[in-house]
Visitor: 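There's a structure below that I have some questions on.
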Amino acid sequence: MRYIDDFVTSYNKSGTLRFHMPGHKGRAVTGCEELDITEIKGADYLFEPEGIIKKSEEQMARAYGSAAALYSTEGSSLCIKAMLGIIRMRYGGLRVLAGRNCHKAFIDGCALLDADVRWIYPARASSSVCSSFITAEDIGRELEKGTYDCVYLTSPDYLGFMTDIGACADVCRKHGVPLLVDNAHGAYLRFTENDLHPMSLGASMCCDSAHKTLPCLTGTAMLHIAKGCEELASGAKGIMSMFGSTSPSYLLMRSLDIASDMLACGDLPERIKQTEIAVSKARAAIEALGFKTVGSEPLKITVWAPGTGLSGDALAQELRQRGIECEYSDPEYLVLMPSVMTTEDELDRLVAAFSEIPKGTETDRIKMPVLSPCERAVSIREAAFSPCEDVSPDEALGRICARTISGCQPAVPVAVCGEIINKDCISVLKAYAIDKVSVIK
Ligand SMILES: Cc1ncc(COP(=O)(O)O)c(C=O)c1O
């Protein structure tokens, strides 16, 4: 069923005079205005839903087998802050055991809510700040030593590596600690051949960016609360509203509504399974051409570039010259993100483009430095709200990081606010071509 879509389209057709916001009055400026409405009678309220939004969210929750699916028109970034806020509301504190490969939104949430974070670094040293090689054993070991209000993991990571969420959830359950998962990259994982969605694997809450992998508009996301964790849903909308705009976009809610219909009543789950097969064939064809692919996320194709003697950025440029734009590249990796909207013909064109790329001889130059833990000087919150100044990476040695430093993408912090910037951190900053660091004055 389409609840928000039906309301918005029939309101538009009714020809009602719009003496309400927005100021465009439904007349085309960019082209999408006629369906862009506000909270008029019958349109419901995102943060206090009782009508069409509530019904649409319930349909989405049914599609995912979750107790609740709360819509966000401000991405997973909003859901991540809300998940932390919900834990704080429920337990009165916010002691978080978190994987270090988190997105910047997590640090922002920690600053706003004054979280006390202990990091888990991957036991297997990785040259990428994004990587998610955190195991259930790592978590179990830390939970034996300390007391936490929640565990927070990011999986899939930006490169398409996945943590064993099922095993991590078992350990968390044993210790009576809720597991929160940043599943921004995995909204489709409920519908792959093997159901790999955090709600199915035992997490207590997770966020899904619908816009990253489903056929949805940019900014759409949802916060899932698991069956068995219903107590976390009480007051959740109120917490979400603290971080969100009071003018959520109906264009985006309509997009989520249509996706919920396609997932619950349409053939989108079947199309996701077919895409999974098509992408796996394309990945195999790229491998057969001598490119090493890594990661286990079904719909990502990640090439580990040094195996080809080129950098990831050089590979991206080769594809660009052939009319193909990737999601992400750095010196070591190239990430491609097909979806159900990618045709088999387009996957064939991708493979054909790879077949034309000459191998290089740069392998020795592509060695990314490994991040080592930085010592904490002050809390995340204290640092985030301290007066600061921008300096070059070399000038930052020994100074306290004031604002989380991350490249635009993947937005995984190289240094977290409150930490003393060490030598390894500076090498990593330079490798990611980050030339400005904000430190406490
Ligand atoms: C791992 C991860 N988490 C969270 C986010 C934030 O998601 P959104 O852009 O939907 O706010 C991103 C964005 O790229 C991400 O890569």
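Note that ligands are numbered from 1 as they come in the structure, with each ligand's atoms numbered from 1 the same way.
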Visitor: Tyr158 versus ligand 1: do any nitrogen or oxygen atoms come within less than 3.5 Å of each other?
Guide: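 Min N/O separation from ligand 1 is not below 3.5 Å for Tyr158.
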
Visitor: Any salt bridge between Arg2 and Asp257, counting N to O under 4.0 Å?
Guide: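 Answer for the salt bridge query: no.
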
Visitor: For the pair Glu276 (side chain) and Glu193 (backbone), establish whether a donor and an acceptor sit closer than 3.5 Å, ignoring hydrogens and angles.
Guide: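 Here the side-chain-to-backbone pair exists.
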
Visitor: Using a 4.0 Å cut-off to any heavy atom of Ser76, which atoms of ligand 1 qualify?
Guide: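 Going through ligand 1 atom by atom, the ones under 4.0 Å from Ser76 are 7 (O), 8 (P), 10 (O), 11 (O).
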
Visitor: Counting only heavy atoms closer than 4.0 Å, does ligand 1 sit against the backbone of Thr154, its side chain, both, or neither?
Guide: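 Contact part for Thr154 vs ligand 1: side chain (C-beta onward).
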
Visitor: Taking the non-hydrogen atoms of Ile80, is any one of them nearer than 4.0 angstrom to ligand 1?
Guide: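 Right, Ile80 reaches ligand 1.
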
Visitor: Run down the list Glu327, His211, His185, His103 and name the one with the heavy atom closest to atom 5 (C) of ligand 1.
Guide: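 Comparing heavy atoms across Glu327, His211, His185, His103, the nearest one to atom 5 (C) of ligand 1 lies in His103.
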
Visitor: Heavy atoms only, cut-off 4.0 Å: how does Ser77 contact ligand 1, side chain, backbone, both, or neither?
Guide: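 For Ser77, backbone and side-chain atoms both sit under 4.0 Å from ligand 1.
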
Visitor: Kindly write out the residues that satisfy side chain to side chain contact (heavy atoms under 4.5 Å, CB included) with Arg90, not counting sequence neighbours, or none if the list is empty.
Guide: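 With sequence neighbours excluded, Arg90 shows a side chain to side chain contact (heavy atoms under 4.5 Å, CB included) to Glu231, Leu232, given in chain and number order.
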
Visitor: Quick check against the 3.5 Å criterion: does Arg403 have a side-chain atom that pairs as donor or acceptor with the backbone of Ala384?
Guide: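 Yes; at least one donor-acceptor contact below 3.5 Å.
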
Visitor: Is the centre of the Tyr64 ring less than 6.0 Å from the centre of the Phe191 ring?
Guide: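 Yes - the distance between ring centres of Tyr64 and Phe191 falls below the 6.0 Å cut-off.
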
Visitor: The criterion is ring-ring contact (aromatic ring centres under 6.0 Å, His included); which residues satisfy it with Phe354, sequence neighbours excluded?
Guide: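 Testing Phe354 for ring-ring contact (aromatic ring centres under 6.0 Å, His included), a comparison that skips the adjacent residues, returns Phe291.
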
Visitor: Would Lys104 count as a contact residue for ligand 1, given that I'm defining contact as a non-hydrogen atom of the residue lying under 4.0 Å from a ligand atom?
Guide: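 Contact absent.
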
Visitor: To which of Ala411, Ser155, Ser209 does the heavy atom nearest atom 10 (O) of ligand 1 belong?
Guide: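 Looking at heavy atoms only, Ser209 sits closest to atom 10 (O) of ligand 1.
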
